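Note sheet for the following structure.
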There are 2 protein chains.
Amino acid sequence: MGTKQRLPDRKSKITVREVARRANVSESTVSRIMRNKGLVAEATREKVMETVRAMGYVPNRIAGSLASLDSFLVGVVIPSLSNIVFPEVLQGVHAGLEGSDLQPVISTTEYNIDREEAVVRGILSWKPAAILLAGFDHTDATRKMLEQSGIRVVEMMDIDSTPIDIAVGTSHRRAGHAIGRHLIERGYRHFGYVGHDWDADRRARLRYDGLCEALSEAGLSIEAHAMADGASSVAEGRIQTARLRASAPQIDVAVYSNDDMAVGGVFHCLAEGIRLPDEFAVFGFNGLDIGKELPQPLSTVRSNRFLIGKKAIEEVLASPERPSEPTIIDTDFEVFIGATA
Amino acid sequence: MGTKQRLPDRKSKITVREVARRANVSESTVSRIMRNKGLVAEATREKVMETVRAMGYVPNRIAGSLASLDSFLVGVVIPSLSNIVFPEVLQGVHAGLEGSDLQPVISTTEYNIDREEAVVRGILSWKPAAILLAGFDHTDATRKMLEQSGIRVVEMMDIDSTPIDIAVGTSHRRAGHAIGRHLIERGYRHFGYVGHDWDADRRARLRYDGLCEALSEAGLSIEAHAMADGASSVAEGRIQTARLRASAPQIDVAVYSNDDMAVGGVFHCLAEGIRLPDEFAVFGFNGLDIGKELPQPLSTVRSNRFLIGKKAIEEVLASPERPSEPTIIDTDFEVFIGATA
DNA sequence: CTGTTAGCGCCTTCAG
DNA sequence: CTGAAGGCGCTAACAG
């Protein structure tokens, strides 16, 4: 299986027992003091804390957790750390955890639901207080484990499916629809789409579907596509934009699968001297910081990843018991009118 | 202190004992099977695995860890998740952990060494197999805890100080020096510096020191500074570049504290129609992806954050015992000649 | 306010 | 190849 790390026998042999002996009190007293729980005379507390400091005693939470059947861990399962949006979710998680003495344990799935299954099994074996995941795409086994665990389960990012327990995010389908409506109102009629791998990024697909719906309601459709094979990146955005414009010169606006791709599109235009948005317009998704700082701010939809992570934790802390009905928390989105579309 | 989460009494009452009873074997047998350790007849193994699956049994690692005195956790302490370099380090950590059944527990300090102290105390109470931190800037108490813990301690990012145990990173002082040499060779003589808060980012300061050294060796010096008060960002890069150019028009090249700031500088030039690198040259640090994709690739120094995280874990897995002498692992850097300087 | 008594769930001997 | 006993370090009752 894997490599186990035997704890060094060196220092860390300091236990409650030793502290109790040295301070001439019982183990429970030391325990009470360390946890700030129960009544203890100020005098004993100080005496004990003195020897605690002197010995450099650090309570063993593994043991504490086992004895009290309390958990101090929250599992967080995200597809990857290379897409900036997930670290942003983690920031929210950290913010939400502030002052709660729960520790996040983070694993990545690399966009693979079988890996997710393994990772979830591993995390559940730590008996976490709750588990947060990205999206709704799980194996049956994963789903079963999550249901059986009895702990709170948060599926983050979108709210376009029925969650196991809690969903926190925004409707990507509605966001895509809003993009379509917005661009139509601004007078665009010839739409292109620049995207990346839909199998790995199902939310990008949801946005695309919403967009198509809006166009179709107006009697329009997407006239050309340029799709990258793999993950989204600025580099792919440049490449695919070039391809799109070469293959379909009539396009006056391209909707991008996300801001990474869209920034690539903007860079292509800058490099080629294409005037934005008159000659060609670019619309992204995510509201990444970089987009705001471009010479012309990127037109995009802002979803609030930080808020997603934060709300997820807050919900879990607020009601540790899983209710019978699923909970859905909409963190909403906002159309940002930049200078590129 | 904080909110404790009582484990739900609902489902998760399945223990080795129940499994053993149902499968008509002893607890030890179940335990052996779950851990793939020791001899077990193929027939019993299958019988037991059957009931394990049927009951949805997930071993409790809290208990396992306590009983075996083995640890399955690695602590990772980073300043923040908002600076992209730290998620990159985490990626390397995850990569290095692949197949080792250790789980990373991540905490952030928000660039505050007192918070770091609290965070390290919390992590050590989980008796991790090792702990990774960013940098050498700790409180005395933190340092003491780390030394006493007996576990492997990795201080990541730079190697410009003597580590408690292991240092993994590159010499930022040497990198700064290399930037200076490189730019002098390319003929630049009037240097400016665009930076951000040195108190929070000591490595930026080290690079600056190295740069000054190189200039001084050539009889040159930095003629103008523009410093942001807070953290680095593309936005601050734009603002400070404008300030620098307004206050010191003679500057022909600006060295930036990092790529975020430098990209801001490039955006400023794009927006103002300043020709790079002839009219004004920009040099960054970090080798962020975004820099490569600019209409003109950013000239910068590449440090390999992924490698830092990966090497850190690899070293810790390779030798779990702390040797008497500190270990220093140089992940090196590379001057990247882009089109902006 | 403090001590005593039983475990928490599992793993490691050591027998058989 | 399998089982029985004891304990990992701590905490939840309960007494006093």
Side-chain angles (χ1 to χ4, degrees), chain A residues 1 4-9 11-48 52 55 57-73 101 124-128, chain B residues 1 4-9 11-48 52 55 57-73 101 124-128:
Chain A
M1 288 279 325
K4 293 192 180 179
Q5 305 297 318
R6 179 155 290 275
L7 293 174
D9 304 317
K11 278 289 178 189
S12 40
K13 269 297 162 222
I14 310 158
T15 71
V16 250
R17 174 170 286 124
E18 335 294 328
V19 178
R21 250 203 260 293
R22 279 250 243 154
N24 265 74
V25 293
S26 72
E27 299 182 22
S28 341
T29 300
V30 176
S31 172
R32 281 189 198 99
I33 291 169
M34 293 311 289
R35 285 172 301 133
N36 262 314
K37 209 183 172 185
L39 302 175
V40 187
E42 194 46 36
T44 21
R45 152 170 281 114
E46 293 200 347
K47 179 179 62 176
V48 171
V52 162
M55 304 180 73
Y57 169 62
V58 179
N60 182 337
R61 278 212 179 172
I62 303 266
S65 192
L66 180 62
S68 65
L69 299 181
D70 275 336
S71 171
F72 297 87
L73 259 18
D101 85 2
L124 287 181
S125 72
W126 284 101
K127 306 291 166 189
Chain B
M1 286 283 327
K4 294 191 183 181
Q5 304 297 318
R6 177 154 292 274
L7 293 174
D9 304 316
K11 278 288 178 190
S12 40
K13 268 298 162 220
I14 311 159
T15 71
V16 253
R17 174 171 285 123
E18 335 294 327
V19 178
R21 252 203 256 294
R22 279 252 242 152
N24 266 74
V25 292
S26 73
E27 298 181 22
S28 340
T29 302
V30 176
S31 172
R32 283 190 196 98
I33 291 170
M34 293 311 289
R35 284 172 302 133
N36 263 312
K37 208 182 173 187
L39 301 175
V40 187
E42 193 47 37
T44 21
R45 154 169 279 113
E46 293 202 345
K47 182 180 62 178
V48 171
V52 163
M55 303 179 74
Y57 169 62
V58 179
N60 182 338
R61 280 215 180 172
I62 303 267
S65 193
L66 180 62
S68 66
L69 300 181
D70 275 335
S71 170
F72 297 87
L73 259 20
D101 86 1
L124 287 181
S125 72
W126 284 102
K127 304 292 164 188

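Please read these numbers as outputs of a predicted model, since none were measured by experiment.
- Residue Tyr57(B) places at least one side-chain N or O closer than 4.0 Å to OP1 or OP2 of dC10(C).
- Protein atom NZ of Lys127(A) is 12 Å distant from nucleotide atom C1' of dC10(C), rounded to whole Å.
- With values rounded to the nearest 0.5 angstrom, Lys47(A) atom NZ is found 9.0 Å from Thr29(A) atom OG1.
- At least one donor-acceptor pair under 3.5 Å links the side chain of Ser71(B) to the backbone N or O of Lys127(B).
- Annotation: of the two residues near DNA chain D, Leu39(B) and Pro59(A), the 5′-most nearest-nucleotide partner is Leu39(B).
- Computed from coordinates, the Met55(B) CE to dG9(C) P distance equals 13 Å when rounded to whole Å.
- Once rounded to the nearest 0.5 Å, the distance linking OG of Ser65(A) with CG of Leu66(B) reads 10.0 Å.
- Of the N and O atoms on the side chains of Ser31(A) and Ser28(A), not one donor lies less than 3.5 Å from an acceptor on the other residue.
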Pairs under 3.5 angstrom, nitrogen or oxygen only, protein versus nucleotides 4-8 of chain C, please.
unit_1, atom_1, unit_2, atom_2, d
dT4(C), O4, Ser28(A), OG, 2.7
dC8(C), O2, Leu66(A), O, 3.4
dC8(C), O2, Ala67(A), N, 3.1

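- Of the candidate nucleotides dT2(C), dG3(C), dC10(D), dT2(C) has the atom nearest to the side chain of Ala41(A).
- For the atom pair CD1 (Ile62(B)) and CH2 (Trp126(B)), the distance works out to 4.5 Å, reported to the nearest 0.5 Å.
- The CG atom of Asp70(A) sits 9.5 Å away from the CG atom of Asp101(A) when rounded to the nearest 0.5 Å.
- Rounded to an integer number of Å, the gap from Lys37(A) NZ to dT11(D) C1' is 9 Å.
- A straight line from CD of Glu42(B) to C1' of dT2(D) spans 16 Å, rounded to a whole angstrom.
- We find that CZ of Arg61(B) is positioned 18 Å from P of dG9(C), with the value rounded to whole Å.
- The nearest whole Å value for the distance from the CD1 atom in Ile14(A) to the P atom in dC8(D) is 16 Å.
- The CG atom of Asp70(A) sits 15 Å away from the C1' atom of dG9(D) (whole-angstrom rounding).
- Phosphate proximity of dC10(D) to Arg35(A): absent, as no side-chain N or O sits under 4.0 Å from OP1 or OP2.
- The interatomic distance linking Ile33(A) (CD1) with dC10(D) (C1') rounds to 15 Å, in whole Å.
- Judged as a salt bridge (Lys or Arg N to Asp or Glu O under 4.0 Å), the pairs with a partner in residues 14-31 of chain B (not counting sequence neighbours) are, in order, Arg17(B)-Glu27(B).
- For the atom pair OG (Ser68(B)) and NZ (Lys37(B)), the distance works out to 8.0 Å, reported to the nearest 0.5 Å.
- Distance check, rounded to the nearest 0.5 Å: CG of Asn24(A) to OG1 of Thr44(A) gives 12.0 Å.
- Between the two ends of the helix from dC1(C)-dG16(D) to dG16(C)-dC1(D), each summarised by a five-pair axis, the helix axis turns through 30° (rounded to 10 degrees).
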